[in-house]
Amino acid sequence: MIGQEVNSPLRSVLIGIDATQAEMEPLHEAFEEVGLGVRCVGDTKRLWDEANSTQSSAIVLAFAGLEADGHQLCRRLCEREGDPLPIVAVRTRTDKEAIEAARSAGAAEIFWDPICWSVVAERIARQLSSRGLEYELGRVQASLQNTQRIARIGSWDWYRDTEQMEWSDQIFDILGLKPSEVETDFESFSLCMHPADRPSALQTIGEVLRSGRPFSVPFRIVQPTSSVRHVEICGEVSAEDPKRVCGTLQDVTEQRRAQDRIRRLAHYDSLTGLTNRASFQDKLERAIDAAKLHGHCLALLYLDLDQFKRINDTLGHSAGDQLLQAIAEVLLDNLRGSDLIARDGTSLESDVSRIGGDEFAVLLSPISRPEDAHVVASRLLAAIPTPVDSDRGDISTTASIGVAIYPNDGEDAETLVKHADTAMYHAKDNGRNNYQCFSSEMNEAATRRFAIETALRSALERDELQVHYQPRIGLRQNRIDGFEALLRWNHPELGRVMPQEFIPVAEECGLIVPIGQYVLESACHQARIWEDAGFPVAVSVNVSIHQITGGHFGSNVAAALQQAGLDPSLLELEITETVMLKNDVRNAGLLGEVKDMGVGISLDDFGTGYSSISYLTRFPLDGLKLDRSLIVDIATHPAARGVVEAIVSMGHAIGMRVVAEGVDDPDQVEILREAGCDELQGFLFSSAVPADETIPLLRAPVPNLE
């Protein structure tokens, strides 16, 4: 049916007619046949109200019953705001005057009696179908214009024989012009191009057009306001007319800005504005290639801030960020090309990057000798401690710097970075706030440390770690009062690895907690074996600050005691001054929980570090262990002897048991006995022995005691 072709969303016809129900039946049937609904109204007032309150597709005025004011109503309907609806007039009079009156009132079509409502309905359906197509076309055009506006894209046609162009409204908007201000020809268009881009853009367009291929050319345009925009023109020769070129012009300024931001994020550090690790790696590789080509040297300085984590933890990350920004400025200020002069008088080119949290890299190229890099490193070390004004007050830090030279210390980027990093860690190990130059010895040490860390991760699983026990000798009863549990490691390839070498590695890589728990559980188990054999002697175990502060310390100790079925009084934990120096209130509370179980606590290595007496009263300590450095000279230096006697006296005064470590000489035994020392420990009596050798020691007399 014709009505099914109607594309308008409105499907109802409003008819003004004064007729009986029987007279209107053919009318309804005719409109239903073409798919249109009908609403009939008998007077002009109601017709006007209906037309304004409901949506209709068309209006039919049957003037036979509305002659008096039908023409006036028709005019009012045509003058309404919005999209005018088609109005059809049906008349009984056919005189010319009546017809002209209906037309002048706005009737689109006029029918006369006798009325064939099927014809009227079909004619209206065709009008609505046409209006529907117009409606859809308008919607598509509006959508296209809106899309072009959003995408900042316009269309153009260029007639090459006349050089005239046709521009869409969006082209004028992109160029910043008004239609009345410019001739739409190719010369006017080319004059909008940026002067620096115009020659190459026109040349490219001309070359591509001569080849007959489609083209896409980016360039900049300059608007009358002097605003510069990035655009991209695309076009192709029309297949129907070789003299006509059609295409689009798109404003891609925002896309270019977004690309620039992405490119900057990819190559620059957002906090400091320095180049980042990826960009630094690329620059280093290119610098090495240039050095190989020209036969010169370059230097890499790897810089790490000292104690930066402490600043973040105590003052907050905002203060840390401000410090990093200030350090970046300090590095840039002290690496100005005009200010860096090598010893031979040539200028050094420099580049600084932030390659990690608090790590920076400085590239110096070319250098004539390694001493040039030393001068720069010293200069940076002197400048970095300058106080920085932050939200939390003045803050400052120092730095540790590692120096590697191409080609002496590496001929590729990866090796050079690794060696500079190794030298930087060596600077930290040497007290921080200094620079170190890479050496082969450092590389050997770093290689061994890596091998130790790698092997240590599987040492527990492979049962390579063993607990040995060194006896503590009680001077009052001249017998073994207990043992200290000491960890030993025999690796199938590395051989015997000393605790002073692998324990720091375990602490740095986070393995000290499981290793420490293994020692604690092994020692408790062995102490229960001694007790069952008739020797209820105590075992002392060294605990790391990481075990204490890592969480579950008290429950871990309780679990070890419970698993072994050991009386807590036969376990003693040895701590170092590090535990007391870091968060002493919290750590004292954690140790107090263990103390309440009945476990003893002693301070190990007393006499090294700060040895602050005030800490002895803040922590729940049962004993002091004098470091071997205090014992070694007591038989030959009266002052050393006096210090030991004073410490022993002080320890007893505050109720502590005093143990002397490192006793290797019988003369030391007599001096310590006279000083009132409670226990001795050292090679004079026994080294640390495997667990199965401890019971024979308990049964035998103590050697070298008299």
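Each residue takes its place number in the sequence, starting with 1.
Gln562 CD: 12 or fewer foreign heavy atoms inside a 6.0 Å radius. Counted within 6.0 Å of NE2 on His296, heavy atoms from surrounding residues, nucleotides or ligands total more than 12; the atom is thus considered enclosed. Within 6.0 Å of atom NE2 in His525, 12 or fewer heavy atoms from other residues, nucleotides or ligands are found, so the atom counts as exposed in its surroundings.
Looking at Leu301, Leu298, Asp372, Ile405 one by one, the single match for side-chain contact (heavy atoms from CB on, under 4.5 Å) with Leu364 turns out to be Leu301. Shown are Glu574, Lys595, Glu572; of these, the side-chain contact (heavy atoms from CB on, under 4.5 Å) with Ile601 is made only by Lys595. Among the candidates Asp678, Leu621, Asp481, the single residue satisfying the side-chain contact (heavy atoms from CB on, under 4.5 Å) test with Arg657 is Asp678.
Ion pair Lys625/Asp627 not flagged as a salt bridge, since none of the NZ, NE, NH1 or NH2 atoms sits closer than 4.0 Å to an Asp/Glu carboxylate oxygen.
Rounded to the nearest 0.5 Å, atoms CZ (Arg449) and SG (Cys509) are 7.0 Å apart. Note that CG of Leu475 and CD of Glu674 are 11.5 Å apart. Values are rounded to the nearest 0.5 Å. Between Asn276 atom CG and Leu271 atom CG the span is 12.5 Å, to the nearest 0.5 Å.
Gln307 pairs by the side-chain contact (heavy atoms from CB on, under 4.5 Å) definition with Arg310, Arg432, not counting sequence neighbours. Looking at residues two or more places apart in sequence or on another chain, you find a ring pair (Phe, Tyr, Trp, His ring centres under 6.0 Å) between Phe438 and His419. Shown here are the side-chain hydrogen bond (donor to acceptor under 3.5 Å, both in side chains) partners of Ser649, two or more places apart in sequence or in another chain: there are none. Take Glu441 and apply the side-chain hydrogen bond (donor to acceptor under 3.5 Å, both in side chains) test, not counting sequence neighbours, and it matches Ser439. Thr415 meets the side-chain hydrogen bond (donor to acceptor under 3.5 Å, both in side chains) test with Asp412; sequence neighbours excluded.
Residue pairs meeting the side-chain hydrogen bond (donor to acceptor under 3.5 Å, both in side chains) criterion with at least one partner in residues 400-411, sequence neighbours excluded, are Asp306-Ser400.
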Inset, instruction - Show your reasoning for whether salt bridge (charged side-chain N to carboxylate O under 4.0 Å, His left out) applies to Lys418 and Glu414. - result: CA-CA 6 Å; Lys418 182 180 72 172; Glu414 182 180 359; over 6 Å; no
